[in-house]
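Here's the structure, in structure tokens; my notes come after.
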Number of protein chains: 2
Amino acid sequence: MFRIFSIFGKEFNFEAMARTKEFNEDQALDKAIEIFWHKGYNGTSAQDLVTHLGLSRSSLYDTFGDKQKLFVKSLQRYQQQNEESLKLLFENAENIKTALTEIFKQAVVESLQDRITKGCFMVNSAVELAMHDPEIGKIVHDNQKAVEEVFYQAIKKGQEYGQISDKQEARSLARFIFNNYSGIRVLARAGERDKQVYDDILKSIFALF
Amino acid sequence: MFRIFSIFGKEFNFEAMARTKEFNEDQALDKAIEIFWHKGYNGTSAQDLVTHLGLSRSSLYDTFGDKQKLFVKSLQRYQQQNEESLKLLFENAENIKTALTEIFKQAVVESLQDRITKGCFMVNSAVELAMHDPEIGKIVHDNQKAVEEVFYQAIKKGQEYGQISDKQEARSLARFIFNNYSGIRVLARAGERDKQVYDDILKSIFALF
DNA sequence: ATAATAACGGAACGATCGTTCCGTTATTAT
DNA sequence: ATAATAACGGAACGATCGTTCCGTTATTAT
């Protein structure tokens, strides 16, 4: 980007500008999330990425390094977006128990309407890659801890406000909620389209609160 | 296999035998289950199969057709074995609630001791392939219904015997149990090794019974 | 011993994989 | 207008993929 010429003791700070990128990196990442989410890491080819992101192979590799690095960036972006929206949801909620049920109802709606059932990108990646790629394993594990913590703080607050029964420990409930959320995403990914199945699960979960 | 010669009106029924297989087909399938379970479908190469099953490429293709057919056979075998052992467990159980907790405790033990965390072959396949391969999608869905039914019958029996609270519908509880079982298998696949996490989940689940 | 043939070992196939390379294009400070 | 250079398009790379092919081997009824 910069070149410094030193001639006769005088320095010339010369900067040359080059062609600008014709695409937005974050938009490209969002498209990468879409296709990795749908097809998985091993199921997505370099050609799939070129076609779906709409950039050339060279631009793709110049910008993101390689397929694995692009995947990692995509998963990290997905993680941040999800954690953020989860936090926001609880922050703006008047009633924690209602907020919790809303999260699950929303997951059910998504599971039923998804034409191409994608489930959850994080769950899919955990199953496919967590144990084979340490870097992704760490993202998955960190996400688990982070989401558990969001649930935990919310539930603890709910118990203090008397919105959630305190017969169960908040930590235990948070982990339980996380577990059922994973389960539902697997069910969706497996193609379950019977609303009654999801509703039955939700009924049992919230009998505990 | 058979050739019938008809010479001068007289029939000769000639049968020739050939070399016998040097491997047991079911044992080969068990090895295929192992490697597909560990690495997934797309993560397992033909070379992996040749190496791990210990047969030549030609024997592999002569016997099982192709990679997809071998995978389907492996998954079906796994399904049958699991459904069978689940049924047996409930049949021999004196107390249904105890049997249910045993199933989960066993899953936790497996999750913690697995050196190479494999999770559940059915859950892994559901996430990786159910929506991309209709044949596998059907196996996954049929398994879900079958296992749910085993849980349902067991829980109903448990409620009749007064071993399980009947505040919750048996159908609802069966689906709930299935969901948590999936969730725990994902957690294991994600590499969770903290026993407390699993125990917290189990504690919440069985607070409902 | 012979004939028939499936099982076997392993080389070879075309297709596709992820990645690199290279000539061209677009951009901007000079 | 020129110089510098990153972005671009797309051909090309070696490696690996799943699968097929073929000559050899082992088996058994005859």
Side-chain angles (χ1 to χ4, degrees), chain A residues 1-5 7 10-29 32 35-36 39-74 128-129 132-133, chain B residues 1-5 7 10-29 31-32 35-36 39-74 128-129 132-133 136:
Chain A
M1 203 79 92
F2 289 89
R3 284 226 183 148
I4 298 176
F5 295 91
I7 303 173
K10 198 173 191 316
E11 285 199 350
F12 292 83
N13 190 339
F14 183 84
E15 180 182 356
M17 295 299 286
R19 193 170 169 176
T20 52
K21 273 182 166 41
E22 290 175 7
F23 64 95
N24 177 285
E25 200 169 312
D26 279 344
Q27 283 175 4
L29 270 180
I35 193 154
F36 278 135
K39 294 191 164 193
Y41 179 79
N42 287 314
T44 303
S45 68
Q47 186 53 51
D48 286 335
L49 290 166
V50 167
T51 305
H52 197 77
L53 305 211
L55 8 146
S56 69
R57 286 164 132 70
S58 53
S59 295
L60 204 154
Y61 277 82
D62 281 350
T63 310
F64 299 107
D66 60 25
K67 188 184 169 187
Q68 195 267 359
K69 288 198 184 76
L70 173 56
F71 187 90
V72 166
K73 273 203 173 180
S74 304
E128 185 186 4
L129 304 164
H132 297 108
D133 183 325
Chain B
M1 205 76 93
F2 288 89
R3 285 225 183 148
I4 299 175
F5 297 91
I7 302 172
K10 198 170 188 324
E11 286 198 348
F12 292 84
N13 190 339
F14 183 84
E15 179 184 356
M17 295 300 285
R19 195 168 167 177
T20 52
K21 274 182 167 39
E22 290 176 6
F23 64 95
N24 177 285
E25 200 169 315
D26 280 342
Q27 283 175 4
L29 271 181
K31 286 180 186 166
I35 193 155
F36 279 135
K39 294 191 164 193
Y41 179 79
N42 287 313
T44 303
S45 69
Q47 186 53 51
D48 285 334
L49 290 166
V50 167
T51 305
H52 196 78
L53 305 213
L55 6 147
S56 68
R57 281 156 192 274
S58 54
S59 295
L60 204 154
Y61 278 82
D62 281 351
T63 310
F64 300 107
D66 59 26
K67 188 184 168 187
Q68 195 267 358
K69 288 199 184 76
L70 173 57
F71 187 89
V72 166
K73 272 204 174 179
S74 304
E128 185 186 5
L129 303 164
H132 297 109
D133 184 324
I136 289 164

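As the structure is a computational prediction, the values presented were derived from the model and not from experiment. So that the names make sense, note that chain A is the first sequence line, chain B the second, and so on, each numbered from 1. Computed from heavy atoms alone, side chains included, the values below leave out hydrogens, waters and symmetry copies.
With rounding to the nearest 0.5 Å, the separation of CD1 in B:I136 from CZ in B:F71 is 5.0 Å.
Atom-to-atom, OH of B:Y41 to P of D:dG18 comes out at 8 Å; the value is rounded to the nearest Å. Residue A:K67 contributes atom NZ, which lies 15 Å from atom P of C:dT16 at whole-angstrom precision. The CG-P distance, from B:N24 to C:dA7, rounds to 14 Å in whole Å. When rounded to the nearest whole Å, the span between NZ of A:K21 and C1' of C:dT27 equals 13 Å. Remark: C1' of D:dG18 and CG of B:N42 are 12 Å apart, rounded to the nearest angstrom. The separation between A:R57 atom CZ and C:dT24 atom P is 21 Å, rounded to whole Å. Atoms CD (B:Q47) and P (C:dA11) sit 11 Å apart, rounded to a whole Å. Distance CG (A:L55) to P (D:dG9): 8 Å, rounded to an integer number of Å.
With a 3.5 Å ceiling on both atom-pair distances, the Watson-Crick or G-U wobble partner of C:dG14 is D:dC17. Under the Watson-Crick or G-U wobble criterion, with both distances below 3.5 Å, D:dT25 is paired with C:dA6. Nucleotide C:dT30 is matched to D:dA1 when pairs are restricted to Watson-Crick or G-U wobble geometry with both distances under 3.5 angstrom.
Here D:dG18 is the nucleotide among D:dG18, C:dT20, D:dC8 with the atom lying nearest to any side-chain atom of B:Y61. Among the nucleotides C:dA7, C:dT19, D:dG18, the one closest to any side-chain atom of B:S59 is C:dA7. Considering only side-chain atoms of A:T20, the nucleotide from C:dC8, C:dT28, D:dG18 that sits closest is C:dT28. Considering only the side chain of B:S58, C:dG10 comes nearest among D:dA7, C:dT19, C:dG10.
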Inset, instruction - Could you give me the CA-CA distance, side-chain angles and deciding distance for B:R57 and B:L60, then say whether side chain to side chain contact (heavy atoms under 4.5 Å, CB included) is met? - result: CA-CA 5 Å; B:R57 281 156 192 274; B:L60 204 154; 5.5 Å; no
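Residue contacts shown for B:S45 are limited to sugar-phosphate atoms, with no base heavy atom under 4.0 Å away.
For the pair A:E128 (side chain) and A:G40 (backbone), a donor-acceptor distance under 3.5 Å is absent.
Listed pair B:S56 / C:dG9 meets the phosphate criterion, a side-chain N or O lying under 4.0 Å from OP1 or OP2.
Considering every non-hydrogen atom in both A:N42 and A:K67, the closest pair reads CA-NZ, 4.4 Å. In plain terms, the two heavy atoms of A:T44 and A:I35 that are nearest each other are OG1-O, 3.6 Å.
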